[in-house]
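Here the structure is a predicted model, which is why all the values come from computation and not from measurement.
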Amino acid sequence: MDDQTSVSAFGNNRNHGVDGSLVVDIYPLNSYSFGSKEPLPFRDETLYDRIQRMKINYDIRGLRTCVEAVILVELFKHPHLLLLQIRNSIFKLPGGRIRPGESDVDGLKRKLSRKLSVNEDETDWKVEECLGMWWRHDFETLLYPYLPPSAKMPKECTKLYLVKLPASRKFNVPKNMKLLAVPLCQVHENQKTYGPVISGVPLLLSKFSFNIITN
């Protein structure tokens, strides 16, 4: 059986453990229910299309800011990361580009509702701390976890936020996407499959201890 589990869920509460580490409470996958909704349109058919769209948007709005959610769920006594899969090949953290003047938190709540809720006006997502920032130095490079002094005009900034789940919730995913629960051990440093941002998430979570809450 593949380690990837097609479904979804996550959860977290935070306090300090006896060793002083931050504790993230995560709930079992079976605490949640799942449904589907109408597919979302894909804006880009090819990488070239995406780069051209980024150039046009940069000329109009300047630096592109994206926000993405790090969401955890327990499965087989191990923390799993919630990922969206597009076209059966591309893996993404839930989230997307925020609007001009929109705050990171409001933008992430809007994107999560659009991709994971039946009602796009839902705003009850618990967005916690920013775990890290990634930068695109120019249109055609990958994202890097730093911005060197030579990069005077970066094109994109992606911020990763820890998102807290309640004990139960229903997720509704567009029909042209899959929601996967992937073990952190499978994601760790696996850039070939998941890319640099997702494969770096386990390191960002290394300051936390995980507390699995069972019903």
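The shortest heavy-atom contact between S31 and A167 is CB-O, 3.3 Å. Taking each heavy atom of L160 and L204 in turn, the nearest pair found is CD2-CD1, 3.9 Å. The minimum heavy-atom distance linking A69 with L112 is given by the pair CB-CD2, 3.8 Å. The two residues T193 and F91 have their closest heavy-atom pair at O-CD1, 3.6 Å. Scanning both residues, L108 and V163, for their nearest heavy atoms gives CD2-CG2, 4.0 Å.
H80 is not listed as a side-chain neighbour of V182, based on a closest heavy-atom distance of 4.5 Å or more. Taking 4.5 Å as the limit, some side-chain heavy atom of L184 sits within range of a side-chain heavy atom of L72. Looking at heavy atoms from C-beta onward, F42 lies in side-chain contact with M177 at the 4.5 angstrom threshold. Between L93 and L83 there is a side-chain heavy-atom pair separated by less than 4.5 Å. The shortest side-chain heavy-atom distance between Y27 and P166 does not fall under the 4.5 Å cut-off. Between I98 and D106 there is no side-chain heavy-atom pair separated by less than 4.5 Å. Annotation: side chain of H78 is in contact with side chain of C185 (closest heavy-atom distance under 4.5 Å). Using a 4.5 Å heavy-atom cutoff, the side chains of I90 and L84 are not in contact.
Note that OG of S117 is 8.0 Å distant from CZ of F171, once rounded to the nearest 0.5 Å. The OH atom of Y161 lies 8.0 Å from the CE atom of M133; values are rounded to the nearest 0.5 Å. One distance of note links OG of S168 with OH of Y32; it measures 7.5 Å at 0.5 Å rounding. Atom OH in Y194 sits 9.0 Å away from atom CG in L81 (nearest 0.5 Å). One distance of note links CD of E156 with SG of C66; it measures 4.0 Å at 0.5 Å rounding. Once rounded to the nearest 0.5 Å, the distance linking CZ of R136 with OG1 of T158 reads 7.0 Å.
Partners of K170 according to the salt bridge (charged side-chain N to carboxylate O under 4.0 Å, His left out) rule, which considers only residues two or more places apart in sequence or in another chain, do not exist here. V105 pairs by the side chain to side chain contact (heavy atoms under 4.5 Å, CB included) definition with S103, K109, V127, not counting sequence neighbours. Remark: K37 engages no residue in a salt bridge (charged side-chain N to carboxylate O under 4.0 Å, His left out) (not counting sequence neighbours). D138 is linked by a side chain to side chain contact (heavy atoms under 4.5 Å, CB included) to E140, T141, counting only residues two or more places apart in sequence or in another chain. Here N211 pairs with D25 under the side chain to side chain donor-acceptor pair (under 3.5 Å) rule; sequence neighbours left out. Applying the salt bridge (charged side-chain N to carboxylate O under 4.0 Å, His left out) test to R169 and every residue at least two apart in sequence or in another chain returns E122, D124. Under the side chain to side chain contact (heavy atoms under 4.5 Å, CB included) criterion, S199 pairs with Q191, not counting sequence neighbours. By the salt bridge (charged side-chain N to carboxylate O under 4.0 Å, His left out) test, D59 pairs with no residue at all, sequence neighbours left out. Applying the side chain to side chain contact (heavy atoms under 4.5 Å, CB included) rule to R61 yields the partners N57, R97, P100; only residues at least two apart in sequence or on another chain are considered.
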Salt bridge (charged side-chain N to carboxylate O under 4.0 Å, His left out) assessment of E68 paired with K92: CA-CA 9 Å; E68 298 181 346; K92 289 183 174 292; 5.9 Å; no
Using the rule given for side-chain contact (heavy atoms from CB on, under 4.5 Å), can you reason through D104 versus T65, listing the C-alpha separation, both sets of side-chain angles and the distance that settles it, and then say yes or no? CA-CA 9 Å; D104 292 352; T65 301; 4.2 Å; yes
Would V73 and L82 count as a side-chain contact (heavy atoms from CB on, under 4.5 Å) here? Give the steps. CA-CA 7 Å; V73 59; L82 182 70; 5.8 Å; no
Just do the side-chain contact (heavy atoms from CB on, under 4.5 Å) check on R114 and L40 with the steps written out, would you? CA-CA 9 Å; R114 185 167 187 256; L40 291 177; 3.8 Å; yes
Apply side-chain contact (heavy atoms from CB on, under 4.5 Å) to L116 and W125, showing your working. CA-CA 11 Å; L116 299 179; W125 298 96; 4.0 Å; yes
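Applying the ring-ring contact (aromatic ring centres under 6.0 Å, His included) definition to pairs two or more places apart or across chains, those involving residues 52-72 are Y58-F139.
Residues V70 and W135 are members of separate hydrophobic clusters, defined by side-chain heavy-atom contacts under 4.5 angstrom among Ile, Leu, Val, Met, Phe, Trp and Tyr. With hydrophobic clusters built from ILVMFWY side chains whose heavy atoms lie under 4.5 angstrom apart, M54 does not share a cluster with L63. No single ILVMFWY cluster, assembled from side-chain heavy atoms under 4.5 Å apart, contains both V187 and L203.
Checked by atom type and distance alone, the side chain of K115 pairs as donor or acceptor with a backbone atom of G95 at under 3.5 Å.
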Between side-chain atoms of residues 142-155 and protein atoms elsewhere (two or more places apart, or another chain), which donor-acceptor pairs fall under 3.5 Å?
from: K152; atom 1: NZ; to: P149; atom 2: O; distance (Å): 3.2
from: K155; atom 1: NZ; to: M153; atom 2: O; distance (Å): 3.3

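Members clustered with Y48: none, using a 4.5 Å side-chain heavy-atom cutoff among hydrophobic residues.
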